[in-house]
Amino acid sequence: MEIKKPKGTNDILPEEVGKWHYLENLLREKSETYGYKEIRTPMFEHTELFVRGVGDTTDIVGKEMYTFMDKGDRSITLRPEGTASVCRAFLENKMYGDGSIKKLYYMGPMFRYERPQKGRYKQFNQYGVEFLGSKEPVTDADVIKFAVSLLDETGLKDLELHINSVGCPKCKPVYREALVEYFQDKKDQLCSSCLERLEKNPLRILDCKNESCKEASKDAPVMSDYLCEECDPHYKEVKEYLSASNVSFIENPRLVRGLDYYTNTAFEIIAKDFAAQGTVCGGGRYNGLVGSIGDRDVPGIGFAMGMERILLLMEEKNLSVDSERTLDYYIIGMGSEAEKLSFKLVNLLRENSYYAEIDYQSKSFKNRIKYADKLKAKYVIIIGENELEKNTVIIKDMEAGIQEEQDLTIFMNNLKGEQ
RNA sequence: GUGGGUGUGGCGAAGUGGUCAACGCACCGGAUUGUGACUCCGGCAUUCGUGGGUUCAAGUCCCAUCACUCACCCCA
């Protein structure tokens with residue numbers, strides 16, 4: 001039985017690694033210009049971190065974590081997202097030490113145990129940023145604007161920015177109560193999972209796609225009417241900042257992010273016409289998160305982007321960029337002596353930064369030159385018995401179709417001379 | 001966890017009960033025994049995911065199983 005890759009994982013093959021490099025470079029470069037420094041945290045953490053950070057009522061913690069006991073009987077979890085780890089590292093390394101704000105970014109694989117489908121995998125890659133240490137509205141706008149700029153840079157169009165405020169521990173419960181109250185006499189219209197949500201997380205009823213639930217929640221109270229004296233002006237200011245920098249957004253009172261830690265601003269960037277997984281970027285403010293995993297409360301806001309989803313979208317819009325290095329020299333040596341010389345030559349070329357190849361399969365001459373053509377080599381160097389005797393090589397310009405004989409020593413000296 | 005779709009050579013893809021399982025790409029060999037496009041000629045699946053069953057006869061029908069895929073839940 002042939003061994004296959006685990007479901008929901010992907011091999012990134014040489015033909016497609018180019019676009020990954022492109023995206024990674026773009027993200028790194030933009031991060032630097034916006035003042036974010038890279039942070040790399042472990043791919044696994046103590047399970048407790050995610051339980052406390054992400055929240056045990058969330059689906060991520062409830063049913064999607066790759067959790068196992070290690071040999072020391074510790075419960076370990078493959079990271080399902082990046083924010084909790086970054087906050088942990090922030091605290092553990094006392095990065096608050098200089099009293100200033102920290103702008104961090106990360107990139108790498110995340111793991112969630114769920115049924116894979118288009119744009120969703122068990123191992124997937126996220127790029128994300130965390131802006132720690134400020135609760136000023138300008139921070140929210142700054143982070144959101146950055147996310148929008150990044151996606152602009154990829155060339156993707158038809159993206160929508162949705163924003164909402166989910167309030168704080170002071171006003172969120174009041175709103176929650178109001179919602180539960182509202183749905184009391186509409187229970188018969190709700191689907192079975194929404195009935196559960198009514199108990200566990202009534203806010204999520206709002207973005208249920210079931211028609212009947214949509215209908216039932218049509219006149220439901222909205223969070224914005226319940227924002228407290230702190231959250232209300234905060235939300236307004238964030239919107240003002242966004243407008244001031246010409247960021248167009250859609251206020252979506254039904255936007256409820258799935259993770260427990262969000263407070264105030266929540267946002268998503270959605271690809272309208274993308275299959276089921278249209279959310280390319282999701283994020284928001286999490287003023288209580290750092291406090292919940294450490295002994296120090298630090299406000300923060302951040303977002304995460306699904307790199308596979310971005311790449312998938314770019315492909316659909318024919319925006320993918322592959323840059324493959326072209327072969328400079330392909331060396332054909334006929335006969336074992338010529339092959340030894342070819343091996344010496346190819347290394348000399350490589351040492352001089354040329355992309356050069358020799359034939360590894362000892363096939364016929366015709367076969368080799370055909371192969372050189374297939375590899376799109378710019379030049380082919382031919383060494384046969386005649387050349388060996390005369391101490392020369394034939395350099396063939398594949399595009400022009402012309403070739404010339406050159407003295408081997410001169411050719412080699414020229415190469416060395418270029419160093 | 002729930003539901004739908006698919007499974008034929010390296011890849012794409014015909015074939016819906018009855019001769020040797022089309023075709024295209026790729027690959028290999030030859031025409032051109034040291035020269036790459038193109039063209040021409042030839043080669044390339046004892047076998048149709050796997051196991052069982054129905055039948056005189058199965059890639060084609062039935063059952064089971066596995067794999068892949070899409071969607072729901074939820075999310076990036």
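Values reported hereafter were calculated over all heavy atoms of this structure, with side chains retained and with hydrogens, waters and symmetry mates removed. Chain letters run A, B, ... following the sequence lines, proteins first, then strands; residues in each count from 1.
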Exercise for the section: Select base, sugar-phosphate, or nothing to describe what A:Gly282 touches, counting heavy atoms under 4.0 Å on all strands. Expected result: sugar-phosphate

Fill in the blank from the handout: The Watson-Crick or G-U wobble partner of B:G42, with both key distances under 3.5 Å, is B:C28

Exercise for the section: Using a heavy-atom cut-off of under 4.0 Å over every strand shown, decide if A:Val280 touches base, sugar-phosphate, or nothing. Expected result: sugar-phosphate

Fill in the blank from the handout: As its Watson-Crick or G-U partner within any shown strand, both distances under 3.5 Å, B:A14 has none

Handout entry: Identity of whatever pairs with B:C48 - Watson-Crick or G-U, under 3.5 angstrom
Key = none

Exercise for the section: Select base, sugar-phosphate, or nothing to describe what A:Asn125 touches, counting heavy atoms under 4.0 Å on all strands. Expected result: nothing

Handout entry: Cationic tip of A:Lys63 above A:Tyr113 ring, under 6.0 Å, 45° of axis
Key = no

Problem - Sidechain N-carboxylate O distance under 4.0 Å for A:Lys7, A:Glu114 - result: no

Handout entry: A:Gln123 versus A:Asn10, side-chain donor and acceptor atoms under 3.5 Å
Key = no

Exercise for the section: Select base, sugar-phosphate, or nothing to describe what A:Glu308 touches, counting heavy atoms under 4.0 Å on all strands. Expected result: nothing

Exercise for the section: Give a yes/no verdict on a cation-pi contact between A:Lys103 and A:Tyr105, requiring under 6.0 Å between NZ or CZ and the six-membered ring centre and an angle within 45° of the axis. Expected result: no

Handout entry: Residue pair A:Phe50 / A:Ser85, side-chain heavy-atom distance below 4.5 Å
Key = yes

Practice task
Answer with base, sugar-phosphate or nothing: what part of the nucleic acid does A:Ile382 contact at a heavy-atom distance below 4.0 Å?
Solution key: base

Exercise for the section: Return the 5'-most residue of the pair A:Pro116, A:Ile269 with respect to RNA chain B, ranking by each residue's nearest nucleotide. Expected result: A:Pro116

Exercise for the section: For A:Lys370 and B:C27, give me the distance from atom NZ to atom P, rounded to whole Å. Expected result: 8 Å

Exercise for the section: Enumerate the residues from residues 31-50 of chain A whose closest heavy atom to RNA chain B is under 4.0 Å, giving them by residue number; use none for an empty result. Expected result: none

Fill in the blank from the handout: Pairing partner of B:A67, by Watson-Crick or G-U wobble and under 3.5 Å for both distances, is B:U6

Fill in the blank from the handout: Answer for the Watson-Crick or wobble partner of B:A57, both distances under 3.5 Å, is none

Completion exercise
Whole-Å distance, A:Lys122 NZ to B:C68 C1', equals 13 Å

Exercise for the section: Please work out if A:Glu387 contacts a base, only the sugar-phosphate, or nothing of the nucleic acid, heavy-atom cut-off 4.0 Å. Expected result: base

Practice task
Determine the contact category for A:Arg368: base if any of its heavy atoms lies under 4.0 Å from a base atom, sugar-phosphate if only primed atoms, P, OP1 or OP2 are that close, otherwise nothing.
Solution key: nothing

Practice task
State whether a side-chain donor-acceptor pair under 3.5 Å links A:Glu251 with A:Tyr235.
Solution key: yes

Practice task
Assign A:Gly128 to base, sugar-phosphate, or nothing according to its heavy-atom contacts below 4.0 angstrom with the strands shown.
Solution key: nothing

Exercise for the section: Looking at every strand, decide which applies to A:Tyr121 at a 4.0 Å heavy-atom threshold: base, sugar-phosphate, or nothing. Expected result: base

Problem - Nucleic acid contacts - residues 394-406 of chain A versus RNA chain B, non-hydrogen atoms under 4.0 Å - result: A:Ile394, A:Lys396, A:Met398, A:Gly401, A:Gln403

Problem - Donor-acceptor pair under 3.5 Å, A:Glu64 side chain vs B:G1 base - result: no

Fill in the blank from the handout: In whole angstroms, the gap separating C1' of B:G4 from NZ of A:Lys118 amounts to 17 Å

Handout entry: Strand partner of B:G1, provided both Watson-Crick or wobble distances fall under 3.5 Å
Key = B:C72

Handout entry: cation_pi(A:Lys186, A:Tyr182) dist<6.0 Å, angle<=45
Key = yes

Problem - Side-chain donor-acceptor contact under 3.5 Å, A:Thr83 with A:Glu130 - result: yes

